[in-house]
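See structure below.
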Protein chains: 2
Amino acid sequence: MSDVANTRPTLAAVARRAGVSASTASLVFSGAGPVADATRARVLEAAAELDYAGPDPTARSLRRGRTGVIGLVTEDSLGDAFRDPVNLALLDGLGEELSDDAYGLLVLPWTGEPGGVDLGDVPMDAAILLGCSVDLARSVEILQRRRIPIVAIEAPPLPGVVPIDLDNAEATARGAGLLRELGHERVALVTLPLDLARERGPLTPEREAAATAYTAIERIRGARSMFPDAVGVSAGGSTVAEGHAAGLALLDVPAADRPTAVIAQSDLLAAGVIRAAEELGIDVPGELSVLGFDGIRLDGITPHVLTTLVQPSVEKGRLAGRAVRAALADGAAPGSAVTAELRRGETAAAPRAAGR
Amino acid sequence: MSDVANTRPTLAAVARRAGVSASTASLVFSGAGPVADATRARVLEAAAELDYAGPDPTARSLRRGRTGVIGLVTEDSLGDAFRDPVNLALLDGLGEELSDDAYGLLVLPWTGEPGGVDLGDVPMDAAILLGCSVDLARSVEILQRRRIPIVAIEAPPLPGVVPIDLDNAEATARGAGLLRELGHERVALVTLPLDLARERGPLTPEREAAATAYTAIERIRGARSMFPDAVGVSAGGSTVAEGHAAGLALLDVPAADRPTAVIAQSDLLAAGVIRAAEELGIDVPGELSVLGFDGIRLDGITPHVLTTLVQPSVEKGRLAGRAVRAALADGAAPGSAVTAELRRGETAAAPRAAGR
DNA sequence: AAACGGGGTCGAATCGATTCGATCGAATCG
DNA sequence: CGATTCGATCGAATCGATTCGACCCCGTTT
């Protein structure tokens, strides 16, 4: 009652007060091991008297070698990472799997270099890399030295990293194939940001070569497998506004130079392109076909059912969650791959169907 | 090279190999204290040889008493918490403040009881409560026992908890006042979920009395200060779809029974109500005025500029971040309050303006 | 009645670092 | 040239718990 007043009580203090050893007190709180009812009651009473809040999580983590925390590394700012509906769906799946084991999700925006979080300094049991580019390799190394299991969602293959893959290139190729079948020849691309700089602007061979964002690169590759010479514009993010700007850049030109189809790398970008077309008086799909990617719900954002590649976002989250759990339990880690399916919506048709 | 092969190397091992004491090796990595260049080099070399990844964050946390983690407690599922644009904006503000000190944000969905995360078991330096209801009081107690500073955003006042408040009741009253001035008398409410159950349905005195969601309660109170007898419907979430459903419930009735204005507790709900009105052939604002709350961007979700109460969401995040930093630095914690401002948009007008 | 078994408790080692105070040699000062 | 100071390093204590093996006592089994 004298020196314990100010400082936080410890398990040892509780044990002393209850007249038992620290080991026994520990057993009371952890639930493991047999403890006589009378003893348990005495310890709990002592704890209540001292206002003890239970074992310190940090100390427990050290001893047990587990923190109960899983890091989610993103390359976006905190807010932007979750502004993408695909990531939200992924979070749903992830939450489903992780909540069972009461894991907490530690969101770590990885900005590149300056003063940001050093992945090596963060206490966590495993890491999930979300939409991370090639630059991350160094951080991956640190985590691996620390023997932390890593699950990467749509990342370039790295040794020791469990991949959750999406057939970005192949799926895009399938979508592009549809456009080709319909008879399109002048096709333009609207891509996701190419790198951490997120600079928007026309796609040049140099910029493409310097790109680091894996998903964007793969989808470009898929599109180019059908339309090798397609022109394009890179957006500064996956938003309707960015798609709108990109759309204007591509479509606000003499009709002869205008593409007859746009391959957008996300549904939000596609919606923006469609909006731009509407503003310019270009009929979709009559004069312009638009292909999206993701298959998110576009409630009221566009009146059309988008022609797009529907990816199983929630499932990706579940798979990532399961992979983490498996890695933590067995040490073994099942990688996996999912597939996006082409949905023929209402925004793709044969070129010049309007009969000009 | 023999027994060190399998297990993770420790600072002690590195020190031994470099021929220095553990204390000196620690100084090398922490940067504190003077170390001779030659010694430093030797230690780093030893570390490299052993593939040492730097001091273990868990051990460091225990010794230092700091984890570098801040808990963000929400009552939604992982995904749903971030589906609300207001929360995203808040995250932006929070990230701004927290990234400087390289704090990680640990997202903790608090589901109530079953097997979810126990807030007492999570290693964190401070906690931010986001949109949390009265039920949380017990968890708050645990955190306080653990001497963890708590910042609560829009929560009922609790002793020892730093509040970041919004004038929900007063702002709503101002908005309702506008409707009254315009001449409305039959006004209906569309509220946010009343509790963790999120049951949708008509507002009854019993349900209102049993409500636990602070923000919803306050906004109802504000509305009732102008329209004591307003009928209402509670939604199951802050989404356009929920607003749409609520709108249909309120508006799909004989015109004589229909309210002339709806006070929605969020912009998304308001957008849903407007959509429902459109479907029913009810003109907004001619036959129905709609008031929102939040002031988010509703890009293309509705053609109108919403009449709404614009709250400074990003600022709330910043304030919360600053409060956390202050609490961690000084122990002192500045609470604060922000105000929502009425924006007269295009969705409120005098009743029956269409001249029936 | 001796041996056995097991529930209940305790001591001591351990998890991996940080940090305070002490030590020691060398450089600086008067 | 002796005294003081400063830089570099080390030992030992500490952070707060968990856990393994040992131990004791008492009820069973044969």
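Here the structure is a predicted model, which means the values were calculated and not measured. Hydrogens, waters and symmetry mates are skipped; everything else that's a heavy atom, side chains included, is used. Residue numbers begin at 1 in each chain, while the letters A, B, ... track the order of the sequences.
- Using a cut-off of 4.0 Å between Lys/Arg side-chain N and Asp/Glu carboxylate O, Asp56(B) and Arg8(B) are scored as salt-bridged.
- In this structure, Arg16(A) places its CZ atom 11 Å from P of dA17(D), rounding to the nearest Å.
- Separating the CG atom of Leu11(A) from the P atom of dT14(C) is a distance of 20 Å, rounded to the nearest angstrom.
- Take the nearest nucleotide of DNA chain D for Arg63(B) and for Arg63(A): the residue whose nucleotide is more 5' is Arg63(B).
- Remark: Arg17(A) does not engage Glu45(A) in a salt bridge, criterion side-chain N to carboxylate O under 4.0 Å.
- Close to dA17(C), at under 4.0 Å from its OP1 or OP2, lies a side-chain N or O of Tyr52(B).
- Nucleotide dC15(D) holds its P atom 21 Å from the CZ atom of Arg64(A), rounded to whole Å.
- In this structure, the CZ atom of Arg147(B) is 15 Å from the C1' atom of dG16(D), given to the nearest Å.
- Distance CG (Leu62(B)) to P (dT19(C)): 12 Å, rounded to an integer number of Å.
- Taking the C1' atoms of five terminal pairs at each end of the helix from dA1(C)-dT30(D) to dG30(C)-dC1(D), the two resulting helix axes are inclined by 40°, rounded to 10°.
- Annotation: ring pair (Phe, Tyr, Trp, His ring centres under 6.0 Å) contacts involving residues 13-47 of chain B, sequence neighbours excluded, comprise Phe29(B)-Tyr52(B).
- Under a 4.0 Å N-O distance rule, the pair Arg318(A)/Glu315(A) qualifies as a salt bridge.
- Atom CZ of Arg66(A) is separated from atom P of dG16(D) by 24 Å (rounded to the nearest Å).
- Contact annotation for Ser26(B): base contact, defined as any heavy-atom pair under 4.0 Å involving a base atom.
- None of Leu143(B), Val140(B), Val151(B) except one satisfies the side-chain contact (heavy atoms from CB on, under 4.5 Å) rule with Val161(B); the exception is Val140(B).
- Side-chain contact of Thr58(B) with Ser61(B): a donor-acceptor pair under 3.5 Å is absent, judged by distance alone.
- Arg60(A) has its CZ atom 18 Å from the C1' atom of dG16(C), to the nearest Å.
- Without hydrogens or angle criteria, Gln144(B) side chain to Pro159(B) main chain gives a donor-acceptor distance under 3.5 Å.
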Polar atoms only, N or O, under 3.5 Å: list the protein pairs with nucleotides 9-12 of chain D and their distances.
{"residue": "dT9(D)", "atom": "OP1", "partner": "Thr39(B)", "partner atom": "OG1", "Å": "2.1"}
{"residue": "dT9(D)", "atom": "OP2", "partner": "Ala36(B)", "partner atom": "N", "Å": "2.9"}
{"residue": "dT9(D)", "atom": "OP2", "partner": "Thr39(B)", "partner atom": "OG1", "Å": "3.3"}
{"residue": "dC10(D)", "atom": "OP2", "partner": "Ser21(B)", "partner atom": "N", "Å": "2.8"}
{"residue": "dC10(D)", "atom": "OP2", "partner": "Ser21(B)", "partner atom": "OG", "Å": "3.3"}
{"residue": "dC10(D)", "atom": "OP2", "partner": "Thr24(B)", "partner atom": "OG1", "Å": "2.7"}
{"residue": "dG11(D)", "atom": "N7", "partner": "Ser23(B)", "partner atom": "OG", "Å": "3.1"}
{"residue": "dG11(D)", "atom": "O6", "partner": "Ser23(B)", "partner atom": "OG", "Å": "3.2"}

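- Looking at Arg147(B) and Asp125(B), no side-chain N of the basic residue comes within less than 4.0 Å of a carboxylate O on the acidic one, giving no salt bridge.
- Using a 4.0 Å cut-off between charged nitrogen and carboxylate oxygen, Asp37(B) and Arg42(B) do not count as a salt-bridge pair.
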